[in-house]
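Okay, structure first, notes after.
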Amino acid sequence: MFRATEPPRVPEQPSPVVSLGSRGRTPPDPAETELVRLHQAFLGRVVDYLCADAGIRQFVDWGCPVPGTAERVRRANAEATVVHLAPTGAAGVLAAAALNATVLAGDGSGDSGTDTVLRRLHTSGLVDFDEPVAVLMTRPGTEHEPPAGLDTLHTMMRGGGYVALTSTAPRPTAERAFAPFLPVEPGVADLTWWPYPDEDVPAPGCGTLGGLGRVPRRGRGATRWR
């Protein structure tokens with residue numbers, strides 16, 4: 001899977017995407033704007049694969065790293081559901097902009113721990129963990145540790161599914177972040193050209209790594225949350 005004759009080309013036109021963290025009047029940093037654009041393109045390729053090839057119909061946008069994710073899901077599958085888990089302070093902005101998507105405040109950071117967020121997703125009925133679900137835990141940043149709660153998330157995804165991650169950590173650390181998920185080919189690669197392996201693309205990347213992990217379907221049954 002994920003094979004083609006040449007790597008994807010980066011569009012040359014400027015992008016209107018603005019990071020949710022840049023809410024003042026200070027002009028955006030061009031380097032940051034470019035990284036957000038590349039991140040948006042990476043998420044678009046992930047979403048297209050999950051909808052078209054993996055048959056995913058439930059998406060959780062964990063941390064809402066870039067705008068437009070719900071719209072990309074809708075273009076790939078108009079029947080798919082999208083839940084945004086918005087960082088503190090961004091929920092109102094996203095709620096006003098979201099089209100047919102649910103927005104919950106709290107992304108697992110601070111007082112809204114990951115287990116608490118997962119409990120809310122399950123008990124509210126917004127996500128059916130007995131069916132395949134894709135969790136996009138790809139908020140850009142400088143943290144070198146994997147997102148908290150991946151083991152709990154893996155345990156809850158009884159119906160199977162996928163988790164997308166990005167990391168600025170060194171490659172060995174980024175690769176370990178996918179445990180206990182099974183990396184989808186080609187594994188971790190620079191998000192500029194993922195899903196092409198780094199060794200297949202001679203051009204310089206952006207330095208942020210991305211990848212997709214899978215959990216097999218384990219059958220129906222009670223989850224840990226009640």
Side-chain angles (χ1 to χ4, degrees), residues 8-52 56 58-78 80-109 112 117 133-143 146-147 162-169 174 177 188-196 205-213:
R9 296 179 180 177
V10 177
E12 295 182 358
Q13 66 270 22
S15 170
V17 173
V18 178
S19 170
L20 290 175
S22 302
R23 300 171 62 187
R25 297 182 177 276
T26 303
D29 177 37
E32 179 182 352
T33 300
E34 174 67 2
L35 180 59
V36 171
R37 186 181 66 80
L38 293 174
H39 196 102
Q40 185 185 45
F42 164 76
L43 277 175
R45 295 192 296 274
V46 167
V47 166
D48 287 348
Y49 165 73
L50 292 174
C51 286
I56 299 297
Q58 303 180 97
F59 287 83
V60 177
D61 185 14
W62 194 296
C64 309
V66 294
T69 300
E71 289 80 357
R72 185 63 176 253
V73 171
R74 298 296 181 203
R75 288 199 299 269
N77 179 5
T81 61
V82 181
V83 178
H84 292 297
L85 294 178
T88 302
V93 176
L94 278 168
L99 299 174
N100 299 319
T102 300
V103 180
L104 293 181
D107 61 351
S109 60
S112 61
V117 171
V133 57
V135 180
L136 311 176
M137 303 182 78
T138 61
R139 186 167 183 80
T142 58
E143 295 183 4
Y162 295 80
V163 59
L165 300 173
T166 63
S167 176
T168 57
V188 172
D190 193 283
L191 66 79
T192 302
W193 49 68
W194 187 94
Y196 298 86
C206 67
T208 299
L209 300 173
L212 191 63

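The chain is numbered in sequence order, starting from 1.
Interatomic distance, OG1 of T138 versus CG of L43, reported as 4.0 Å (0.5 Å rounding). To the nearest 0.5 Å, atoms CE (M137) and CG (L165) are separated by 7.0 Å. Here the OG1-CG distance, from T208 to L38, works out to 8.5 Å after rounding to the nearest 0.5 Å. Summarising the geometry, atom OH belonging to Y49 is positioned 7.0 Å from atom CG belonging to L212; distances are rounded to the nearest 0.5 Å. The distance from the OG1 atom of T166 to the NE2 atom of H39 is 4.5 Å, given to the nearest 0.5 Å. Here the CG atom belonging to L104 is positioned 11.5 Å from the CG atom belonging to D61, to the nearest 0.5 angstrom.
The two residues G211 and F42 make their nearest non-hydrogen contact at N-CZ, 3.8 Å. Between Q40 and G68, the closest heavy-atom pair is NE2-CA, 4.4 Å. C206 approaches T192 most closely through the heavy-atom pair N-OG1, 3.3 Å. The nearest pair of heavy atoms linking C51 to N77 is SG-CB, 4.1 Å. Residues I56 and Q58 share a closest heavy-atom pair of CG2-O, 3.1 Å.
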Would you check, one step at a time, whether the test salt bridge (Lys or Arg N to Asp or Glu O under 4.0 Å) holds for R72 with D48? CA-CA 8 Å; R72 185 63 176 253; D48 287 348; 2.6 Å; yes
*asked:* Is there a side-chain contact (heavy atoms from CB on, under 4.5 Å) between V60 and L85? Walk through the geometry before answering.
replied: CA-CA 7 Å; V60 177; L85 294 178; 3.8 Å; yes
**Prompt:** Under the side-chain contact (heavy atoms from CB on, under 4.5 Å) criterion, do V46 and Y162 qualify, and how do the steps go?
**Reply:** CA-CA 10 Å; V46 167; Y162 295 80; over 6 Å; no
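Salt bridge present: E34 and R37 bring a charged side-chain N and a carboxylate O closer than 4.0 Å.
Judged by distance alone, the side chain of D190 and the main-chain N or O of L209 form no donor-acceptor pair under 3.5 Å.
Between F59 and L50, some side-chain heavy-atom pair lies under the 4.5 Å cut-off.
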